[in-house]
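Below is one structure, written out as structure tokens; comments come after it.
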Amino acid sequence: MSDNFLNFKELMSIEQHKFYFTKKAVNWVVENLKDAFGYCCRNELSLDEYLPPERFGNLQNQITVFISVRLSELWENAIYESIKEMFGQLEIKIDNVKRWTTADGDISILGKTWEIKTSQAKDSWTGATHSSHKVPRYILVHYQIDRKKRLELVNNNELFPSLSIYLIDDIEEDTREIWNGEPKENSSFTTFRIKKEWVEQNKVLCIWGDLDISKGKYAKIIHEKNPNLN
């Protein structure tokens with residue numbers, strides 16, 4: 001396949017590419033889970049055993065934050081490795097995907113920069129935006145996790161019962177209209193949600209899962225079964 005005139009969103013609109021990418025990304029995360037939870041994997045502990053909910057009292061969201069932070073780097077690496085492998089299969093030069101090191105985004109694909117966001121939060125993603133400029137392209141992963149599953153060194157395929165992955169391209173709005181929350185001196189915690197109008201304007205591509213835009217200003221996330229379970 002020629003590298004000329006390629007558009008990543010168009011490339012990913014092909015059904016077999018969606019499945020290939022999703023399966024490869026999930027497999028990469030579970031195969032490298034020991035990088036994030038090595039102690040649990042070596043001792044075959046579930047996340048509930050490692051992080052007992054009763055220990056956190058009314059601050060249950062701290063468990064979610066802890067797990068999300070540990071997994072975010074795995075997902076970023078998984079996305080990079082999966083796209084690189086997919087490009088190799090499609091005979092697209094693999095140097096068309098690069099790990100990005102600037103503040104503008106996380107990955108460069110076919111000459112454009114994308115921000116990668118992962119989340120367990122209901123219908124949203126969180127971030128810390130210190131700059132007034134953010135790229136208008138996002139790769140979004142939203143996943144459910146089985147905290148009762150005992151982790152292992154070699155087999156963690158059922159850790160994610162379901163998930164969803166979306167691409168959002170060409171958002172032209174000001175950062176303040178995209179990310180809700182005001183950055184402060186010691187904190188810049190902000191929230192990102194998929195707007196109904198972006199879906200209607202064909203700026204959102206569902207790679208895995210779906211979206212419900214029947215109510216309200218924002219889309220509701222619809223998960224699909226983990227492709228490892230197929």
Side-chain angles (χ1 to χ4, degrees), residues 1 6-30 68 71-72 74-87 89-90 92 97 105-107 109-110 112-127 134-145 157 159-173 177-180 191-230:
M1 182 179 291
L6 280 177
N7 175 286
F8 184 60
K9 185 161 166 276
E10 291 178 4
L11 187 70
M12 294 305 299
S13 66
I14 300 171
E15 288 302 316
Q16 58 263 42
H17 295 170
K18 292 181 181 182
F19 184 81
Y20 183 94
F21 169 76
T22 303
K23 189 172 180 65
K24 289 291 181 182
V26 174
N27 283 344
W28 199 97
V29 172
V30 298
S68 297
L71 287 175
S72 62
L74 281 185
W75 279 111
E76 287 186 18
N77 290 334
I79 288 169
Y80 167 72
E81 294 292 342
S82 301
I83 294 172
K84 186 170 68 171
E85 186 169 338
M86 184 173 67
F87 278 12
Q89 291 289 324
L90 296 174
I92 299 171
V97 55
D106 298 308
I107 190 170
I109 309 170
L110 296 165
K112 292 186 176 181
T113 307
W114 297 72
E115 182 85 3
I116 298 172
K117 289 295 178 184
T118 62
S119 179
Q120 300 176 71
K122 182 176 173 59
D123 298 318
S124 67
W125 290 262
T126 57
K134 300 289 279 185
V135 297
R137 290 170 291 277
Y138 292 86
I139 301 174
L140 304 174
V141 179
H142 199 287
Y143 59 91
Q144 294 178 331
I145 193 164
N157 286 348
L159 182 63
F160 303 106
S162 60
L163 71 154
S164 52
I165 303 175
Y166 311 103
L167 298 186
I168 301 184
D169 198 0
D170 294 328
I171 301 175
E172 299 174 354
E173 299 167 62
E177 297 296 322
I178 300 172
W179 290 90
N180 296 320
T191 302
F192 179 100
R193 300 181 70 185
I194 298 175
K195 289 187 176 183
K196 175 180 179 178
E197 63 189 73
W198 297 343
V199 180
E200 294 172 334
Q201 294 166 358
N202 200 34
K203 294 183 177 182
V204 183
L205 175 65
C206 296
I207 300 297
W208 197 255
D210 207 344
L211 292 167
D212 178 2
I213 59 171
S214 62
K215 296 180 181 179
K217 180 180 177 182
Y218 298 103
K220 293 187 179 300
I221 291 166
I222 299 176
H223 281 155
E224 189 171 341
K225 187 171 63 172
N226 181 336
N228 272 304
L229 303 181
N230 290 346

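By convention here, the first residue in the shown sequence is residue 1. Just so you know, these numbers come straight off a predicted model, no measurement behind them. Heavy atoms only: backbone and side chains are in, while hydrogens, waters and symmetry mates are out.
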- Message: If you define the side chain from C-beta out and look only at heavy atoms, does anything of K18 sit under 4.5 Å from L205?
- Response: yes
- Message: For a side-chain contact (heavy atoms from CB on, under 4.5 Å) check, start with the C-alpha distance between W28 and E85, then their side-chain angles and the critical distance, and finish with the verdict.
- Response: CA-CA 11 Å; W28 199 97; E85 186 169 338; over 6 Å; no
- How close do I207 and M12 get, heavy atom to heavy atom, and via which atoms? CD1-CB, 3.6 Å
- Measure the OG-CG distance between S119 and L71 for me, rounded to the nearest 0.5 Å. 11.5 Å
- Message: Could you measure the distance from the CG atom of N157 to the CG atom of N226? Nearest 0.5 Å is fine.
- Response: 7.5 Å
- Message: Within the structure provided, determine whether D106 and I79 are in side-chain contact (heavy-atom separation under 4.5 Å).
- Response: no
- Query: Once the angle between the rings of F19 and W208 is folded into 0 to 90°, is it parallel (under 30°), tilted (30 to 60°) or perpendicular (over 60°)?
  - Reply: tilted
- Write down the atom of L90, the atom of H17, and the distance for their closest heavy-atom approach. CD2-NE2, 3.6 Å
- Query: How many angstroms lie between atom CD1 of I139 and atom NZ of K9, to the nearest 0.5 angstrom?
  - Reply: 13.0 Å
- Closest heavy-atom pair and its distance - A78, A25: CB-O, 3.5 Å
- Query: Given side chains that start at C-beta, do those of K196 and Y218 come closer than 4.5 Å, heavy atoms only?
  - Reply: no
- Message: Is the shortest side-chain heavy-atom distance between L167 and W114 below 4.5 Å?
- Response: yes
- Report the relative orientation of the aromatic rings in F192 and Y138; use parallel for angles under 30°, tilted for 30 to 60°, perpendicular for over 60°. tilted
- What's the shortest heavy-atom distance between I222 and L211, and which atoms? CD1-C, 3.9 Å
- Task: Working to the nearest 0.5 Å, report the span between CD1 of I165 and CD of E224.
- Result: 10.0 Å
- Item | Separation of T118 OG1 from W125 CH2 (nearest 0.5 Å) | 10.0 Å
- Just by modelled atom types, is the A219 backbone N or O under 3.5 Å from a matching donor or acceptor in the R193 side chain? no
- Item | Closest non-hydrogen atom pair between L163 and W75, with its separation | CD1-CH2, 3.9 Å
- Query: Any side-chain heavy-atom pair from Y143 and L159 closer than 4.5 angstrom?
  - Reply: no
- Would you indicate whether the side-chain heavy atoms of I109 and F87 approach each other to under 4.5 Å? yes
- Query: Would you say F8 and K112 make side-chain contact, with heavy atoms under 4.5 Å?
  - Reply: no
- Task: Looking only at non-hydrogen atoms, find the nearest pair between S68 and Q120 and report the distance.
- Result: OG-NE2, 2.9 Å
- Message: Rounded to the nearest 0.5 Å, what separates atom CH2 in W198 from atom OH in Y166?
- Response: 13.5 Å
- Parallel, tilted or perpendicular for H223 and H142, by the 30°/60° rule? tilted
